[in-house]
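First comes the structure, then the notes that go with it.
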Amino acid sequence: MERSHSGRIILHVDMNSFYASVEIAFNQALKNKPLAIAGNVEERKGIIVTCSYEARAKGVKTTMPLWQARKLCPDLIVMKPNFERYRKASKAMFDILREYTDLVEPVSIDEGYIDITNCVGQTPLEIPKQIQQRLLDELLLPCSIGVAPNKFLAKMASNMKKPLGITILRKRELSDKLWPLPVAEMHGVGNKTAKKLETINIKTIYDLAHGDSIQLKKILGINGELLKQRANGIDTREVDPDSIYEFKSIGNSTTLAKDTTNEKEINDVLRRLAHSVMVRMKRKEVLTTRIFISIRFGNLKTITRSKKLENPIKNEEDIYSVAKQLFFANWNEEPIRLLGITAQDLLGKNDAIKQLDLFSFEEDAKEEPLLSVMNKINERYGNQLIQRGVKGALETDISPGTSFNKDFLRD
């Protein structure tokens with residue numbers, strides 16, 4: 001049944017310090033203690049992924065270097081991420097949300113939208129209270145919930161009170177609750193965008209809501225008008241349960257244990273990243289037509305480079321080969337701190353057509369018994385391009401990695 005955009009009731013459920021909260025739920029001895037989840041816990045350059053509110057009270061923050069966090073909080077408990085545990089907790093969380101309505105849209109592993117407009121028998125405030133209490137009682141996981149007439153306002157509302165907050169944000173309350181906030185705190189506005197907005201004297205969300213559309217378009221393109229609409233509380237997007245099936249890229253990156261110029265170490269990292277990307281591509285049954293790499297140097301300067309491919313690829317060796325070529329074509333031999341590989345411009349296996357030429361069809365024929373067929377075709381019609389669909393195998397044994405997208409929510 002088609003529903004109008006008016007009179008909707010949207011919740012944004014945002015789990016509080018999710019990774020740390022899951023670890024505390026698993027081991028109650030960690031409750032009320034300063035806990036941080038970090039990558040490379042044995043290394044000085046490890047980064048805080050998330051931390052408990054007790055750790056935050058000591059000044060520990062997400063993305064803070066581990067050495068700095070330990071200096072601020074000497075009794076900090078540091079744990080490695082347990083991604084499988086977090087996936088299970090996430091699935092359990094979304095299962096509870098779907099008991100109220102099928103209009104649930106996962107946004108990431110620890111947050112999602114839920115449209116309760118057509119839920120009957122309970123008031124709009126009773127449902128978020130019940131959801132919050134059930135997540136706490138059944139999963140031992142705290143969350144904050146925003147209640148609003150659209151997704152943007154619900155997202156903003158859920159950030160207004162943490163942990164364990166429930167905040168209602170109505171359009172008529174924009175001038176009191178939303179507009180006084182710094183524009184950098186607005187969902188969809190990062191630090192770079194905030195700096196651009198400051199050049200035209202836009203410092204608060206009120207300034208953005210009343211900004212000049214021509215100026216906004218000049219510095220932000222079409223996104224300028226969209227952000228202005230959001231600042232005015234306008235957002236017509238539906239809660240879309242099928243969004244978990246949409247993806248544009250698959251990537252992974254890693255921070256090296258120490259800065260390096262060793263080519264063997266760099267090649268090893270690139271190959272591991274290529275393997276990780278390949279495994280996730282196979283699971284999604286997609287191919288890529290563009291490879292993108294990220295290089296961060298020891299001085300924190302970061303560059304990105306990409307290559308458009310003539311034919312879609314899916315194999316680890318192909319991904320590694322392109323990434324390696326891109327890296328060594330752009331490396332200035334300065335120490336490397338971080339490397340990343342991303343497969344972009346993805347194609348579903350049923351949409352991917354590979355143009356086979358004299359140099360590739362024999363290799364591809366090893367995978368499928370097409371060589372004799374192609375020979376007969378070429379004998380009859382001469383040397384010409386032959387097309388076939390390329391099938392991606394389903395891979396179930398994937399490496400968790402340190403990046404999440406929503407594919408695991410489909411299982």
Side-chain angles (χ1 to χ4, degrees), residues 37-40 43-50 62-66 81 83 108-109 188-196 223 246-284 286-309 312-347 398-407:
I37 310 300
N40 297 326
E43 298 291 339
R44 179 176 169 82
K45 294 179 182 176
I47 300 296
I48 301 294
V49 177
T50 190
T62 301
T63 73
M64 177 178 284
L66 192 52
F83 296 117
S108 67
I109 193 170
V189 177
N191 289 331
K192 290 183 179 179
T193 300
K195 288 178 181 177
K196 289 181 180 179
N223 198 42
E246 298 173 1
F247 50 89
K248 297 179 181 178
S249 66
I250 295 175
N252 218 336
S253 64
T254 185
T255 301
L256 280 61
K258 60 181 180 179
D259 300 352
T260 185
T261 58
N262 185 296
E263 290 191 18
K264 183 182 184 304
E265 290 180 11
I266 291 170
N267 276 316
D268 288 345
V269 172
L270 289 173
R271 188 171 287 281
R272 288 198 301 271
L273 290 171
H275 175 78
S276 172
V277 171
M278 175 276 294
V279 167
R280 293 167 62 195
M281 285 175 58
K282 284 191 174 182
R283 183 178 185 183
K284 288 172 178 275
V286 294
L287 294 88
T288 177
T289 58
R290 183 184 293 274
I291 294 295
F292 177 101
I293 67 165
S294 301
I295 306 170
R296 180 171 299 157
F297 299 98
N299 61 6
L300 298 184
K301 177 185 177 182
T302 302
I303 64 171
T304 58
R305 298 291 185 268
S306 68
K307 181 178 181 179
K308 181 70 175 175
L309 309 174
I313 62 175
K314 62 175 181 176
N315 297 322
E316 175 183 335
E317 192 61 37
D318 292 334
I319 297 169
Y320 166 70
S321 178
V322 177
K324 179 181 176 181
Q325 178 186 352
L326 279 170
F327 174 82
F328 284 102
N330 293 280
W331 183 35
N332 60 7
E333 300 190 359
E334 292 293 318
I336 300 299
R337 173 166 297 188
L338 173 145
L339 289 171
I341 298 178
T342 301
Q344 296 183 326
D345 298 347
L346 303 180
L347 297 172
I398 69 167
S399 171
T402 56
S403 60
F404 282 100
N405 50 7
K406 295 174 282 187
D407 54 313

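Every residue was checked against the salt bridge (charged side-chain N to carboxylate O under 4.0 Å, His left out) condition with E265, not counting sequence neighbours, and none meets it. Looking at residues two or more places apart in sequence or on another chain, you find a side-chain hydrogen bond (donor to acceptor under 3.5 Å, both in side chains) between R290 and S306, D345. Remark: D268 engages K264 in a side-chain hydrogen bond (donor to acceptor under 3.5 Å, both in side chains) (not counting sequence neighbours).
Rounding to the nearest 0.5 Å gives a distance of 13.0 Å between OG1 of T254 and CZ of R337. Going from atom CD1 of I266 over to atom CD1 of I336 covers 5.5 Å, rounded to the nearest 0.5 Å. Atoms CG and CZ, from L338 and F297 in turn, are 11.0 Å apart once rounded to the nearest 0.5 Å. Taken from CG in N252 to NE2 in H275, the straight-line distance is 11.0 Å, to the nearest 0.5 Å. If you take CG on L326 and CZ on R305, they are separated by 9.5 Å, rounding to the nearest 0.5 Å. For the atom pair CE of M281 and CD1 of I313, the computed distance is 6.5 Å after rounding to the nearest 0.5 Å.
Listed here is the closest heavy atom pair of I319 and V277: CD1-CG1, 4.4 Å. A pairwise comparison of heavy atoms in F327 and I295 identifies CD1-CD1, 3.6 Å as the closest pair. Between L287 and P312 the shortest heavy-atom distance is CB-CB, 3.8 Å. T342 approaches S249 most closely through the heavy-atom pair CG2-CB, 3.7 Å. The two residues K314 and M278 make their nearest non-hydrogen contact at O-CG, 3.4 Å. Minimum heavy-atom separation, S294 to T304: OG-CG2, 3.9 Å.
A heavy-atom distance below 4.5 Å is found between the side chains of N267 and Y320.
Shown here is N191, whose CG atom has no more than 12 heavy atoms of other residues, nucleotides or ligands within 6.0 Å. Counting heavy atoms of neighbouring residues, nucleotides and ligands inside a 6.0 Å radius, atom NZ of K195 does not exceed 12 of them.
Within the 3.5 Å criterion, the main-chain N or O of G251 finds a donor-acceptor partner in the side chain of R280. N315 places no side-chain N or O within donor-acceptor distance of the main-chain N or O of E317, the cut-off being under 3.5 Å. T288 places a side-chain N or O within donor-acceptor distance of the main-chain N or O of Q344, the cut-off being under 3.5 Å.
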* E334 and N299: side chain to side chain contact (heavy atoms under 4.5 Å, CB included), yes or no, with the steps? -> CA-CA 9 Å; E334 292 293 318; N299 61 6; 6.0 Å; no
